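Contents: one structure, followed by commentary.
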Amino acid sequence: MNHRRTSRRYERLYYVFSKRMERRLFQLIAVLFLLLVVYQLLLQVPYFKQNVTRIDRMEGTPIHSELSTKREHQ
């Protein structure tokens, strides 16, 4: 009988703990998703994008496809 009571108590504690952790993980995922959306929106601003990312600075002058196809045909 005592073992059964201990087992039920353990199950109850585990259930409460898992519910709390599940809620916190859901909140964490929601916050991270919100930060991802905000960051992606900020990357649409050229000034912010230029100062935050290195890729745009590493890229050269874009090649226009019309010019490259005309040169290939000549």
Side-chain angles (χ1 to χ4, degrees):
M1 194 72 137
N2 191 18
H3 178 65
R4 183 177 287 174
R5 187 179 305 153
T6 305
S7 178
R8 285 184 184 169
R9 182 173 178 250
Y10 175 76
E11 287 176 8
R12 201 172 338 115
L13 287 173
Y14 180 77
Y15 179 76
V16 170
F17 175 75
S18 64
K19 277 295 193 182
R20 287 181 184 171
M21 291 306 294
E22 182 180 321
R23 195 174 321 126
R24 295 204 184 204
L25 282 174
F26 181 72
Q27 289 173 348
L28 177 66
I29 290 170
V31 167
L32 289 175
F33 182 74
L34 181 65
L35 288 173
L36 176 67
V37 169
V38 168
Y39 188 73
Q40 290 297 318
L41 288 174
L42 284 174
L43 284 177
Q44 300 301 314
V45 179
Y47 178 76
F48 182 79
K49 185 177 181 180
Q50 180 183 6
N51 291 324
V52 173
T53 62
R54 290 187 296 170
I55 289 297
D56 287 339
R57 284 180 258 150
M58 292 178 171
E59 289 182 0
T61 317
I63 299 175
H64 299 290
S65 60
E66 294 176 16
L67 295 176
S68 62
T69 55
K70 286 180 182 178
R71 288 181 188 160
E72 290 175 4
H73 291 294
Q74 290 179 353

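The structure presented is a predicted model; accordingly, all values stated were derived computationally and were not measured. If you read the sequence from its start, that first residue is 1, and numbering goes on from there.
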Practice item. Could you identify which residues cluster with V16, counting Ile, Leu, Val, Met, Phe, Trp and Tyr as linked when any side-chain heavy atoms lie under 4.5 Å apart, either directly or through a chain of such contacts? Key: none
Review point. What pairs with V37 under side chain to side chain contact (heavy atoms under 4.5 Å, CB included), at least two apart in sequence or on another chain?
Key: F33, L41
Could you tabulate the donor-acceptor pairs under 3.5 Å formed by side-chain atoms of residues 45-53, not counting sequence neighbours?
{"unit_1": "Y47", "atom_1": "OH", "unit_2": "N51", "atom_2": "ND2", "d": "3.4"}
{"unit_1": "N51", "atom_1": "ND2", "unit_2": "Y47", "atom_2": "O", "d": "3.2"}
{"unit_1": "T53", "atom_1": "OG1", "unit_2": "K49", "atom_2": "O", "d": "2.7"}

Point to revise | Side-chain donor or acceptor of T6 paired with backbone N/O of N2 under 3.5 Å | key: yes
**Study point:** Cluster companions of F17 among Ile, Leu, Val, Met, Phe, Trp, Tyr (side-chain spacing under 4.5 Å)
**Key:** M21
Check your understanding: Of L34, L36, L28, which is the lone residue that meets side chain to side chain contact (heavy atoms under 4.5 Å, CB included) with L32?
Key -> L28
Exercise for review: Would you mind telling me which of E11, R12, K19 makes a side chain to side chain contact (heavy atoms under 4.5 Å, CB included) with Y15?
Suggested key: K19
Point to revise | Other ILVMFWY residues reachable from I29 by side-chain steps of under 4.5 Å | key: none
Practice item. Report yes if the side chains of R4 and R8 come closer than 4.5 Å at any heavy-atom pair, otherwise no. Key: yes
Check your understanding: How long is the span from the CG atom in L13 to the OG atom in S18, to the nearest 0.5 Å?
Key -> 10.5 Å
